[in-house]
Amino acid sequence: MVALKNKIVLISGASSGIGRACAERFAAAGANLILLARNLTKLNEIAAALRSEHGVKVMVDKLDVRDRVAVGALVDNLPAEWRKIDILVNNAGLALGLEKLHEGDAEDWDVMLDTNVKGLLYLTRKVVPIMIENQTNGQVINIGSTAGIHAYAGGGVYCATKAAVKFISDGLRMDVVDQPIRVTNIQPGMVETNFSVIRFQGDQAKADSVYEGLQPLVAEDIADVVLYTAMVPPHVQICEVTVTPTHQATGGVVHRKKKE
Ligand code: 8X3
């Protein structure tokens, strides 16, 4: 396995959930981190904790990946010591609403498509050329979803964004096949983070009901898979990983324990 000490890992959406758990796992492995998210206060707190706990270097920046100009400026203005990005974790993403498509909110669609698809594209477009320039076994690790494999009712647009992540990953893998760069799409099923709370605009009871009667994954379960993916030898490419809780077979096929 490859040591991650002193590697540079850029993580989008790093202030919570899977992104934050990835930051913790990579820091524990000795990697230096560029953490990006909209919430700079949270990022600063996380960075301070990781620096003191693991002695790694952490750079933070406020970034909304939907802002193409800001993404470009951030990458273009990275100090030289931070420019040699080894691993890009495209994690920023969200689901909004669970209405029927014909009753859905077009503004929610814009946010999901702009963040999950276009934001991922903007960052990838800026970072992959650096990896090619450096020829240092770069890795792009995208956080897709089981929602990108099977659609579910009320999730049409969200599922479409995650299907896009799958096909962007597959297309990029072909485009860099002549380069020492690996591309991975990790497709988690149900992970209990703030994902459902955000989807239901802060309605905690509704969010809790998503995971009722089964043990969902936690963010660290996915971060462990991300870390493993980042540690395989340079001749190994993990193309796709699907991870679900034991009692979730596919998107909608779940077994829930009945309440006593
Ligand atoms: C999250 C998986 O099934 O909750 O991407 O949409 S699901």
So which heavy atom on [X] is nearest to which on [Y], and how close?
X: Gly93; Y: Asn116; answer: CA-OD1, 3.1 Å
X: Gly17; Y: Thr193; answer: CA-CG2, 3.9 Å
X: Met112; Y: Leu94; answer: CG-O, 3.6 Å
X: Arg66; Y: Val111; answer: NH1-CG2, 3.6 Å
X: Pro234; Y: Val2; answer: CD-CG2, 3.9 Å
X: Leu217; Y: Gly189; answer: CD1-N, 4.5 Å

Cluster question for you: counting only ILVMFWY and a side-chain heavy-atom cut-off of under 4.5 Å, with indirect links fine, are [X] and [Y] together?
X: Leu88; Y: Leu172; result: yes
X: Val243; Y: Val210; result: no
X: Leu74; Y: Ile8; result: yes
X: Ile46; Y: Leu227; result: yes
X: Val89; Y: Val56; result: yes

Considering residues, nucleotides and ligands other than [X], do more than 12 of their heavy atoms fall under 6.0 Å from its [atom1]?
X: Arg38; atom1: CZ; answer: no
X: Gln215; atom1: CD; answer: no
X: Arg68; atom1: CZ; answer: no
X: Arg51; atom1: CZ; answer: yes
X: Lys166; atom1: NZ; answer: yes

Less than 4.5 Å apart, any side-chain heavy atom of [X] and any of [Y]?
X: Met1; Y: Val232; result: yes
X: Asp105; Y: Leu96; result: no
X: Leu50; Y: Glu24; result: yes
X: Arg25; Y: Val226; result: no
X: Pro245; Y: Tyr211; result: no
X: Lys57; Y: Trp82; result: yes
X: Glu81; Y: Asn32; result: no
X: Leu4; Y: Val9; result: no

Measure the spacing between [atom1] of [X] and [atom2] of [Y] and express it to the nearest 0.5 Å.
X: Lys42; Y: Lys62; atom1: NZ; atom2: NZ; value: 13.0 Å
X: Thr115; Y: Lys118; atom1: OG1; atom2: NZ; value: 10.0 Å
X: Thr124; Y: Asp175; atom1: OG1; atom2: CG; value: 11.5 Å
X: Phe200; Y: Leu98; atom1: CZ; atom2: CG; value: 4.5 Å
X: Leu101; Y: Trp109; atom1: CG; atom2: CH2; value: 5.0 Å
X: Asn194; Y: Ser16; atom1: CG; atom2: OG; value: 4.0 Å

Donor-acceptor list for residues 129-153 side chains, cut-off 3.5 Å, not counting sequence neighbours:
{"unit_1": "Asn134", "atom_1": "ND2", "unit_2": "Ile130", "atom_2": "O", "d": "3.3"}
{"unit_1": "Gln135", "atom_1": "NE2", "unit_2": "Ile132", "atom_2": "O", "d": "2.8"}
{"unit_1": "Gln135", "atom_1": "NE2", "unit_2": "Gln179", "atom_2": "OE1", "d": "2.8"}
{"unit_1": "Gln139", "atom_1": "NE2", "unit_2": "Thr229", "atom_2": "O", "d": "2.9"}
{"unit_1": "Asn142", "atom_1": "OD1", "unit_2": "Asn90", "atom_2": "ND2", "d": "2.9"}
{"unit_1": "Asn142", "atom_1": "ND2", "unit_2": "Ser169", "atom_2": "OG", "d": "2.9"}
{"unit_1": "Ser145", "atom_1": "OG", "unit_2": "Ala147", "atom_2": "N", "d": "2.8"}
{"unit_1": "Thr146", "atom_1": "OG1", "unit_2": "Pro188", "atom_2": "O", "d": "3.4"}
{"unit_1": "Tyr152", "atom_1": "OH", "unit_2": "Arg199", "atom_2": "NH1", "d": "2.9"}
{"unit_1": "Tyr152", "atom_1": "OH", "unit_2": "Arg199", "atom_2": "NH2", "d": "3.2"}

Between [X] (side chain only) and [Y] (backbone N and O only), is there a donor and an acceptor less than 3.5 Å apart?
X: Asp61; Y: Leu63; answer: no
X: Ser12; Y: Ala92; answer: yes
X: Thr184; Y: Ile238; answer: yes
X: Gln248; Y: Met190; answer: yes
X: Asn44; Y: Thr41; answer: no
X: Arg182; Y: Val236; answer: yes
X: Gln204; Y: Val197; answer: no

Could you walk me through whether Leu120 and Val65 satisfy the side-chain contact (heavy atoms from CB on, under 4.5 Å) test, starting with their C-alpha distance in whole Å, then the side-chain angles of each, then the deciding distance to 0.1 Å, before giving a yes or no? CA-CA 7 Å; Leu120 177 144; Val65 293; over 6 Å; no

CA sep, side-chain torsions, deciding dist, call: Lys162, Val165, side-chain contact (heavy atoms from CB on, under 4.5 Å): CA-CA 5 Å; Lys162 291 300 184 177; Val165 171; 4.3 Å; yes

Using the rule given for side-chain contact (heavy atoms from CB on, under 4.5 Å), can you reason through Val191 versus Asp221, listing the C-alpha separation, both sets of side-chain angles and the distance that settles it, and then say yes or no? CA-CA 9 Å; Val191 186; Asp221 295 324; over 6 Å; no

Test side-chain contact (heavy atoms from CB on, under 4.5 Å) on Val254 and His247; report intermediate values, then the result. CA-CA 6 Å; Val254 298; His247 292 304; 5.9 Å; no

